[in-house]
There are 2 protein chains.
Amino acid sequence: MKSGSVILELQRATHATLQLLTTELVDLDLTASEINALGNLADGVGRTVSELGAAIGTRPATLTGILDRLERRGLITRAPRPGDRRAVLITLTTDGVRTAALIRQTLDAVEQRALAGLAADVVQAARTVLLALTEARR
Amino acid sequence: MKSGSVILELQRATHATLQLLTTELVDLDLTASEINALGNLADGVGRTVSELGAAIGTRPATLTGILDRLERRGLITRAPRPGDRRAVLITLTTDGVRTAALIRQTLDAVEQRALAGLAADVVQAARTVLLALTEARR
DNA sequence: TATTGTTATACTCTATAACTATA
DNA sequence: TATAGTTATAGAGTATAACAATA
């Protein structure tokens, strides 16, 4: 065992699932990043640009363009955050809630299908490893 | 437990490790995709464009540009594959071997550092899940 | 005819730095 | 002065379709 690199396997899995997701959600006409953003907002909790950027791994400058398109399509709104007007709070619109729910649904379906044969503790172990890699520092 | 989506956590971990990697390897002046390609070629086994594309999750049309830059920098060579001259066999040059080795070394170091506290069977479980997600079909 | 890879096009993502507005 | 986000720019990744060479 223990042949390849976990990190290379990680990137492989990410590309594969991303491609599968955009294929299944092709009718929404959204990019992978847009799907990722909406998927993270799906819980209905508003987030600032920085917070969302940290969650999906994109810088604020990149996120601006993604949010521009989502806003233009009426899926999110941007508003200054009460208490600190420098920050921008991103919230799903009614349409956005519906779209995000569909994304989460598809996400869960893909996940269940892919991991159907695996024991719960195996999946839980994977979560632990993913979290450790996410928090890796130099 | 079991709050978020494994797939969203997967993408988060990928972004984080990718960013860490390019930071640690900034002296090589390579993009994430170039690092990914070289990391996959590091075992010294030649691969066709299709094979490498499948390994790193990019389409042949995308890979062409990545390979163009790696070839221009003298890290890989392209040659028709004996037996099927339609296919292009990608091989590391001497410089490429050295660079790929450094990448694998850094990859392993990041991985060891991040997963230091975790039991071997937890990491192995994560590999199983990553493989299952990589092979997910609709 | 089918397959492998490249090219062409248009759009999206990315990094960096400069900028605005708030704090 | 510092922070949050946007804008500007240039380069890289992406999907799709059309194409040449080979099978």
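Every chain is numbered from 1 and lettered A, B, ... according to where its sequence line falls, protein lines coming before strand lines. Quantities reported herein were computed from a predicted structural model and do not represent experimental measurements.
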Within the 4.0 Å heavy-atom criterion, would you say [X] contacts the bases, only the backbone, or no part of the nucleic acid?
| X | value |
| --- | --- |
| A/Ile66 | sugar-phosphate |
| A/Ala32 | nothing |
| A/Thr62 | base |

>> If you assign each of A/Val88 and B/Gly57 to its closest nucleotide in DNA chain D, which residue comes earlier from the 5' end?
In response: A/Val88
Inspect the contact between [Y] and [X] and indicate whether a charged nitrogen and a carboxylate oxygen are less than 4.0 angstrom apart.
| X | Y | result |
| --- | --- | --- |
| A/Arg81 | A/Asp84 | no |
| B/Asp68 | B/Arg78 | yes |
| B/Arg127 | B/Asp121 | no |

How close or far is atom [atom2] of [N] from atom [atom1] of [X], stated in whole angstroms?
| X | N | atom1 | atom2 | result |
| --- | --- | --- | --- | --- |
| A/Arg85 | D/dT6 | CZ | P | 14 Å |
| A/Asp84 | C/dT20 | CG | C1' | 15 Å |
| B/Asp29 | D/dG11 | CG | P | 12 Å |
| A/Asn36 | C/dT12 | CG | P | 17 Å |
| A/Glu34 | D/dA15 | CD | C1' | 14 Å |
| B/Arg78 | D/dA21 | CZ | C1' | 15 Å |
| B/Arg59 | C/dT3 | CZ | C1' | 17 Å |
| A/Leu30 | D/dT14 | CG | P | 18 Å |

> For B/Ala87 and B/Thr22, take the nucleotide of DNA chain C holding the closest heavy atom to each; which residue's nucleotide lies nearer the 5' end?
Replying inline: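 Comparing both residues, the 5'-ward one is B/Ala87.
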Listed nucleotide nearest any side-chain atom of [X], set [options]:
| X | options | answer |
| --- | --- | --- |
| A/Thr58 | C/dT14, D/dG5, C/dG5 | C/dT14 |
| B/Thr31 | C/dT7, D/dT6, D/dA12 | D/dA12 |
| B/Ser50 | C/dG5, C/dA17, C/dT6 | C/dG5 |

>> Would you say A/Leu70 ends up clustered with A/Leu18 if hydrophobic residues are merged whenever their side chains have heavy atoms under 4.5 Å apart, either directly or through other cluster members?
In response: no
>> Show, in sequence, the C-alpha distance, side-chain angles and deciding distance for A/Ile76 and A/Thr93, and conclude whether the side-chain contact (heavy atoms from CB on, under 4.5 Å) test is met.
In response: CA-CA 5 Å; A/Ile76 63 157; A/Thr93 62; 5.5 Å; no
> Does the D/dT3 base have a donor-acceptor partner in the side chain of A/Arg86 within less than 3.5 Å?
Replying inline: yes
